[in-house]
Amino acid sequence: MSVLDTLNDRQQTAVLHTEGPLLIIAGAGAGKTKTITHRIAHLIEKGTHAYRILALTFTNKAAGEMRERVRKLVPAGRGVPLISTFHSLGVRILREFAGRAGIERNFSIWDHDDSLRALKRILDTKDDSLAPRAALSRISREKGAGITVEAFEKAARNFRERDIARAWQQYENALHEEGALDFDDLLVRTLRLLQNSHDVLSLLQERWTHLTIDEYQDTNFVQYEIARLLAGARMNICVVGDIDQNIYSWRGADIGHLLQFEHAFPNTAVVTLEQNYRSTRTILAAANSVIEKNIRRKPKNLFTEGEIGEPILLYGAQNEVDEAWFVAGAATKLTERGVMPSEIAVLYRENFQSRVLEEACLHMGVPYLVLGTRFFERKEVKDLLSYLRASLNPKNRTDLIRIAGVPARGIGRVTIEKMLAGQGGDLPAGARSKVAAFRQVLLSIQKAIGVLPASEAVRFAAEASGMEKMFKDMGEEGRERLLNIGELINVATKYDSAKPSEGIEQLLEEAALQSEQDGLGVSGSPSERPEALSLMTVHASKGLEFEAVFIVGLEQGLFPWTRVDENRDPEEERRLFYVALTRAKKRLFLSYADERMKYGSRDRAIPSEFLSDIDARLIEYARPYTTTYEEKTIR
């Protein structure tokens, strides 16, 4: 069977274009992943070696799904291309060419929490009102735009920016001292390497002759430049994106890269995928009417050959409690009609909205899952990973401080600081003995990493560190933590086939590079989801789909969020609502409240302007699904 057999005409056009730049404008639910993977399979079928194809996306989940689909399409023995996230590609290139990049090959990767912790330490030493989280956000955004700390300091316009510049410089010093790179460095250092080492760039351009980039609307300046350089003179670059789903401008994502692609890459072929395979005609009509109000976009109109579907239900609640009871009641009715709980999602603009929804679900016995807690962020998992990282990189101050007291061994922060400063001889004899024993533990783990398969090395670290015994001694309280340690060992088995030390490096990279969605505990496949209602922000829902979707809090000032932010595209709120609408396959519920408790006060609200953009003929007004709601439930 040909890879073209199951594709529509426009998908086939995209798949058959194999040389030169290609821009695929893919609407929500229009089969973009299918198109990408079939195009890659077609390239291999027509003689392009798999190792010459590079495909990039933004989440490990998306990369994994793409990899599995390609593997099923390509005949055995033909190989599978490198399908990776931008950050994972950066790690791969920097480890391969570490000397040319001016870094140690075994550099540690700081995740968001590591970076935030470092900035808290830096700002705690000063009488400064600068919030660490805000400072990190600004630093990350500037790095993503290719700005250096020196350039930022020189252009600082006020006291706040000068304070950020000073904190940023100290932050860079801390990274250097610990032999670490943060998320943004993985891309910035890669770009710098490609710009300054022409032989490395030429080698990589010859290695990867065909480049595919998914979710191109989400690229920042550094990612754009990396893609442009790797494409080289051949310009065999295929990018897939949808301006209407650009919802990360506050992170530096620039839709201009997609809008100006044809200018940056002359003779670009453009294919627009508009046939939707997910939603009903009613849902698509609502989505189209909302997004067409935006000006900065490539025109398209989603359509489907599927059913008209049920009307959209709109509920006007008295307050947030009434709204939550409506959601819980309606979800209960849906499950009684045969909809699986895993096929129902409740989407909200801000995290604070989940609390009252959880209370309503608890009262009505509706199973639910608040998405967002990632496996690799659990304390016991992070502690064990810190043992592995500190064993590979003895300069890693952050990890050494974290694990010195896990389990308690009488080593405090001051002792660790002296140990790292080479002043161990100044410590009392008892402290020196404890430090020596701690170093021996790390050395034994380092040796295990060098000779054992990844999963066995993790198992050894859990035992040698004393963590396993500590949790066993805690009885029932430690049982769940032991189970999480066991799950980390299970994860590590994926890397048992790699060379011992490289297997652990790959595990640490996976843990550090988890994106927001990768750790949600929910996948695109309903069969792999827990049997529970999913509660999540609209941002977290991107890329997912559900049979029934509730979008709550549709009020002016909340959704759309009207807080002034100079870094946010004014059209982004409408794109965010469009993303929310297009998560629904068959049933869509919208709700707003006449008043809502925010920041300790009860405020009157008016319905979102977005609601008036939807044709009234598509909407039915809903009644409460339960009569048990009482005003006294308001807190």
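By convention here, the first residue in the shown sequence is residue 1. Worth knowing before you read on, the calculation uses all heavy atoms, side chains too, and leaves out hydrogens, waters and symmetry mates.
Sorted by first then second residue, the side-chain hydrogen bond (donor to acceptor under 3.5 Å, both in side chains) pairs that include residues 264-273, not counting sequence neighbours, number zero. Under the salt bridge (Lys or Arg N to Asp or Glu O under 4.0 Å) criterion, the residue pairs touching residues 183-192 are K143-D185, with sequence neighbours excluded. Applying the salt bridge (Lys or Arg N to Asp or Glu O under 4.0 Å) definition to pairs two or more places apart or across chains, those involving residues 265-279 are R10-E274, R278-E545.
Ring geometry for F589 versus F550: interplanar angle under 30°, hence parallel rather than tilted (30 to 60°).
Taken to the nearest 0.5 Å, the CG atom of L273 stands 5.0 Å off from the OG1 atom of T35. Residue E510 holds its CD atom at 11.5 Å from CD1 of I109, rounded to the nearest 0.5 Å. Taking CD1 from I291 and CZ from F577, the interatomic distance works out to 10.5 Å, rounded to the nearest 0.5 Å. Residue I243 holds its CD1 atom at 10.0 Å from CG of N294, rounded to the nearest 0.5 Å. Between the OG atom in S88 and the CG atom in L56 there is a gap of 9.5 Å [rounded to 0.5 Å]. For the atom pair CG (L89) and OG1 (T57), the distance works out to 12.5 Å, reported to the nearest 0.5 Å.
In this structure, a donor-acceptor pair under 3.5 Å is present between the side chains of Y171 and D182. For the residue pair D9/Q12, the side-chain donor-acceptor check at 3.5 Å is not satisfied. A donor atom on one side chain and an acceptor atom on the other are not found under 3.5 Å apart for Q260 and E262. A side-chain donor from one of S455 and D496 sits under 3.5 Å from a side-chain acceptor of the other.
By the 4.0 Å N-to-carboxylate-O rule, K32 lies too far from D242 to be salt-bridged with it. A salt bridge between E609 and K293 is absent, with no side-chain N of the basic residue lying under 4.0 Å from a carboxylate O of the acidic one. A salt bridge is absent between E505 and K499; no separation between the charged side-chain nitrogens and carboxylate oxygens falls under 4.0 Å. Salt-bridge formation is detected for the pair R138/E142: a Lys NZ or Arg NE/NH1/NH2 atom is positioned less than 4.0 Å from an Asp or Glu carboxylate oxygen.
Within the 4.5 Å cutoff, the side chain of C238 has no heavy atoms near those of the I36 side chain. At a threshold of 4.5 Å between non-hydrogen side-chain atoms, the residues I551 and F610 do not count as touching. Taking the side chain as every heavy atom from C-beta outward, F559 and L576 approach each other to under 4.5 Å. The closest side-chain heavy-atom distance from H112 to R133 is below 4.5 Å. Side chains of I40 and V74 form no contact here, defined as non-hydrogen atoms less than 4.5 Å apart. Using a 4.5 Å heavy-atom threshold, the side chains of V270 and K298 count as separate. Taking the side chain as every heavy atom from C-beta outward, R583 and L347 approach each other to under 4.5 Å. The shortest side-chain heavy-atom distance between F221 and D254 does not fall under the 4.5 Å cut-off.
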Checklist entry - Going through the distances and angles, do K46 and T18 end up as a side chain to side chain contact (heavy atoms under 4.5 Å, CB included)? => result CA-CA 10 Å; K46 292 301 179 183; T18 57; 5.8 Å; no
Checklist entry - Should S197 and F97 be marked as a side chain to side chain contact (heavy atoms under 4.5 Å, CB included) after you check the CA-CA gap, both sets of side-chain angles, and the distance that decides it? => result CA-CA 10 Å; S197 302; F97 302 102; over 6 Å; no
Checklist entry - When you look at E343 and K585, which way does the salt bridge (Lys or Arg N to Asp or Glu O under 4.0 Å) test go after all the steps? => result CA-CA 10 Å; E343 278 280 20; K585 293 192 286 188; 3.2 Å; yes
Item to check | Pair E215-Q217, side chain to side chain donor-acceptor pair (under 3.5 Å): steps then yes or no | outcome: CA-CA 5 Å; E215 303 287 6; Q217 77 279 351; 2.7 Å; yes
Item to check | E571 vs R297, side chain to side chain contact (heavy atoms under 4.5 Å, CB included): CA-CA, chis, key distance, verdict | outcome: CA-CA 10 Å; E571 294 187 339; R297 63 188 295 261; over 6 Å; no
Checklist entry - Can you check side chain to side chain contact (heavy atoms under 4.5 Å, CB included) on N8 and E305, steps first, answer last? => result CA-CA 12 Å; N8 65 38; E305 295 179 352; over 6 Å; no
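Closest approach of P560 and E573 over heavy atoms only: CA-OE1, 3.5 Å. Contact record, A454 with A492: CB-O, 3.6 Å, taken as the closest heavy-atom pair. Among all heavy-atom pairs drawn from F265 and P21, the shortest one is CB-CB, 3.8 Å. Looking at every heavy atom in both residues, I614 comes nearest to A286 through CG2-CB, 3.9 Å. Pairing each heavy atom of R575 with each of D244, the nearest pair is CB-O, 3.4 Å. Across W168 and I147, no two heavy atoms sit closer than the pair CH2-O, 3.4 Å.
In terms of modelled atom types and a separation under 3.5 Å, the side chain of R234 and the main chain of Q205 share a donor-acceptor contact. Listed for the R281 side chain is a donor-acceptor partner under 3.5 Å among the backbone atoms of G306. No side-chain donor-acceptor contact under 3.5 Å links N220 to the backbone of A253. The backbone N or O of N276 sits less than 3.5 Å from a side-chain atom of T304, completing a donor-acceptor pair. Judged by distance alone, with hydrogens and angles left aside, the side-chain atoms of S541 form no donor-acceptor pair with the main-chain N or O of L544 at under 3.5 Å.
H257 pairs with exactly one of T219, V239, N246 by the side-chain contact (heavy atoms from CB on, under 4.5 Å) rule, that one being T219.
Annotation for E104: atom CD does not count as buried by contact number, only 12 or fewer foreign heavy atoms lying within 6.0 Å. In the displayed structure, R105 atom CZ is contacted under 6.0 Å by more than 12 heavy atoms of other residues, nucleotides or ligands. Atom CZ of R69 sits in a crowded spot, with more than 12 heavy atoms from other residues, nucleotides or ligands closer than 6.0 Å. Atom NZ of K586 is surrounded by 12 or fewer heavy atoms from other residues, nucleotides or ligands within 6.0 Å. The 12-atom threshold is exceeded at CG of L259, counting heavy atoms of other residues, nucleotides or ligands nearer than 6.0 Å.
Taking the centre and axis of the six-membered ring of F107, the NZ or CZ atom of R95 falls inside the cone set by 45° and 6.0 Å.
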